[in-house]
Visitor: 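Please read through the structure below; I'll follow up with questions.
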Amino acid sequence: MQPPPLPANIQALQTNARSLVGRSVGELARELNQQPPDQPTRAKGWTGRLIEIALGAPADAAAGPDLAHLGIELKSLPLDRSGKPKESTWVCMAPMDGRLPPLWRDSPPWHKLCHVLWIPIQAEPSIPFLDRRIGVPFLWRPDTEEEAELAADYAAILELIAHGELAHLDARVGKALQVRPKAADGSQTTLSWDGDGCLTTTRPRGFYLRRGFTTRLLDRQFAR
DNA sequence: GATTGATCATAC
DNA sequence: GTATGATCAATC
């Protein structure tokens with residue numbers, strides 16, 4: 001199997017994604033000539049990138065959906081032994097300097113989350129890394145209720161950032177969408193504003209979907 | 001066991 | 001340095 005080209009449309013993408021069901025990480029790596037990491041624990045995003053390669057997504061560092069021409073974001077969804085998401089889901093960076101648009105529908109997380117192709121994958125520690133298998137993919141658009149929840153969380157987060165109340169912006173804010181540190185280490189900084197309107201610095205952070213939220217997506221999709 | 005804050009690898 | 005892909009590991 002060669003790395004497929006950029007899928008021309010959603011149908012092609014879905015066909016490709018369905019062809020991965022039941023394949024193992026090791027098989028996929030071999031077929032795509034990707035060298036598996038020696039220490040999987042030190043290659044956190046490797047499987048996600050492997051799936052992107054398998055689906056023809058370009059590996060660029062630009063912000064925005066993976067498949068910009070289709071408006072679709074690819075997300076691997078690692079599952080634990082009970083079939084629930086193992087972790088929260090990375091969404092995108094959260095600018096701390098006031099560049100976040102006031103309207104949810106203009107926001108970076110909305111543009112990432114408005115149309116997602118989820119690729120479930122086994123991730124329980126008891127399964128050797130290369131033996132983990134890919135599950136049934138599903139396209140998702142937030143329904144009214146889900147979007148309202150995300151938008152409300154976004155508004156709360158935005159307000160804290162806009163008012164320079166970063167001390168109160170921790171991972172406990174937000175029912176579905178939360179903000180957590182996102183950096184190579186604790187020394188990283190980015191620009192922000194304090195409560196008096198003075199420029200300062202803070203730790204870089206990003207938006208994440210809580211585990212409970214993605215659990216509900218799975219439940220809805222597979223009606224379990 | 002779930003959550004929060006910290007961190008790892010890679011591309012550009 | 002900033003973005004992407006996330007999971008690790010300490011703590012609650």
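All chains are named by letter (A, B, ...) in the order of the sequence lines, taking the proteins before the strands, and each is independently numbered beginning at 1. Everything numeric here is computed off the predicted structure, so don't read it as measured data.
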Visitor: Please name all residues satisfying salt bridge (Lys or Arg N to Asp or Glu O under 4.0 Å) with R141(A), sequence neighbours left out, ordered by chain then number.
Guide: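 In terms of salt bridge (Lys or Arg N to Asp or Glu O under 4.0 Å), with neighbours along the sequence ignored, R141(A) is linked to no residue.
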Visitor: At a cut-off of 3.5 Å, list every protein nitrogen or oxygen paired with a nitrogen or oxygen from nucleotides 10-12 of chain C, distance to 0.1 Å.
Guide:
none

Visitor: In this structure, how many angstroms lie between the P atom of dT7(C) and the CD1 atom of I127(A), rounded?
Guide: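 Rounded to the whole Å, the gap is 14 Å.
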Visitor: Measure the distance from CZ on R205(A) to C1' on dA3(C) and round it to the nearest whole Å.
Guide: 18 Å
Visitor: What is the distance, rounded to the nearest whole Å, between atom NZ of K182(A) and atom C1' of dG1(C)?
Guide: 14 Å
Visitor: Please work out if E73(A) contacts a base, only the sugar-phosphate, or nothing of the nucleic acid, heavy-atom cut-off 4.0 Å.
Guide: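 Sugar-phosphate contact only.
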Visitor: Please give me every residue in residues 92-121 of chain A whose heavy atoms get under 4.0 Å of an atom in DNA chain C, ordered by residue number.
Guide: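 The stretch gives M93(A), K112(A) as the residues lying under 4.0 Å from the strand, ordered by number.
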Visitor: Can you list every salt bridge (Lys or Arg N to Asp or Glu O under 4.0 Å) pair that touches residues 42-55 of chain A, not counting sequence neighbours?
Guide: none
Visitor: Nearest to the Y208(A) side chain among dG5(C), dT7(C), dA2(B), which nucleotide is it?
Guide: dT7(C)
Visitor: So does R210(A) pair up with E87(A), basic N to acidic O under 4.0 Å?
Guide: no
Visitor: I want to check one thing: is the phosphate of dA6(C), taken as OP1 and OP2, less than 4.0 Å away from some side-chain N or O of K75(A)?
Guide: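 Result: yes.
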Visitor: Listing request: all ring pair (Phe, Tyr, Trp, His ring centres under 6.0 Å) pairs with a residue in residues 163-203 of chain A, at least two apart in sequence or in separate chains.
Guide: none
Visitor: Would you kindly give the CD-to-P distance between Q188(A) and dG1(C), to the nearest whole Å?
Guide: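 To the nearest whole Å, that distance equals 6 Å.
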Visitor: For D170(A), is there an ion pair with R180(A) - N to carboxylate O distance below 4.0 angstrom?
Guide: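 Answer for the salt bridge query: no.
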Visitor: Looking at D80(A) and R211(A), is any side-chain nitrogen of the basic one under 4.0 Å from a carboxylate oxygen of the acidic one?
Guide: yes
Visitor: Identify, residue by residue, the members of residues 151-168 of chain A with a heavy atom below 4.0 Å from DNA chain C, and return them in order of residue number, or none.
Guide: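 Result for residues 151-168 of chain A: none.
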Visitor: Is P204(A) touching bases, backbone alone, or none of the nucleic acid, heavy atoms closer than 4.0 Å?
Guide: nothing
Visitor: Using the salt bridge (Lys or Arg N to Asp or Glu O under 4.0 Å) criterion, which residues pair with R30(A)? Sequence neighbours excluded.
Guide: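 Counting only residues at least two positions away or on another chain, R30(A) forms no salt bridge (Lys or Arg N to Asp or Glu O under 4.0 Å).
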Visitor: Between the protein and nucleotides 3-5 of chain B, list the N/O to N/O atom pairs that are separated by less than 3.5 angstrom.
Guide:
residue	atom	partner	partner atom	Å
dT4(B)	OP1	A171(A)	O	3.4
dT4(B)	OP2	Q178(A)	NE2	3.2
dT4(B)	OP2	R210(A)	NH1	2.8
dG5(B)	OP2	A171(A)	N	2.9
dG5(B)	N7	R180(A)	NE	2.9
dG5(B)	O6	R180(A)	NH2	3.0

Visitor: Quick one: label A123(A) by what it contacts on the DNA or RNA (base, sugar-phosphate, nothing), any heavy atom closer than 4.0 Å.
Guide: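 Touches nothing.
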Visitor: May I ask you to test the F138(A)-L218(A) pair for a side-chain heavy-atom distance under 4.5 Å?
Guide: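 F138(A) reaches L218(A) side chain to side chain.
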Visitor: Could you note down all residue pairs passing salt bridge (Lys or Arg N to Asp or Glu O under 4.0 Å) where residues 88-105 of chain A supplies at least one of them, sequence neighbours left out?
Guide: D97(A)-R99(A), R105(A)-E147(A)
Visitor: Taking salt bridge (Lys or Arg N to Asp or Glu O under 4.0 Å) as the cut-off, I'd like each qualifying pair that reaches into residues 181-204 of chain A, sequence neighbours left out, listed once.
Guide: none
Visitor: Can you tell me if R205(A) uses its side chain to pair, donor with acceptor, with the backbone of L169(A) under 3.5 Å?
Guide: yes
Visitor: Could you pull out all residues at least two apart from E73(A) that satisfy salt bridge (Lys or Arg N to Asp or Glu O under 4.0 Å)?
Guide: K75(A), K112(A)
Visitor: Between C1' on dA2(B) and CZ on F213(A), what's the gap in Å once rounded to a whole number?
Guide: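 Value for this atom pair: 19 Å.
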Visitor: When you measure from every atom of DNA chain C, which of residues 42-52 of chain A have a heavy atom less than 4.0 Å away?
Guide: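 Hits under 4.0 Å, by residue number: K44(A), G45(A), G48(A), R49(A), E52(A).
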Visitor: With a 4.0 Å cut-off, would you call R216(A) and E146(A) a salt bridge?
Guide: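 A salt bridge is absent here (no side-chain N lies under 4.0 Å from a carboxylate O).
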Visitor: Do Y154(A) and W110(A) have side-chain heavy atoms sitting under 4.5 Å apart?
Guide: no
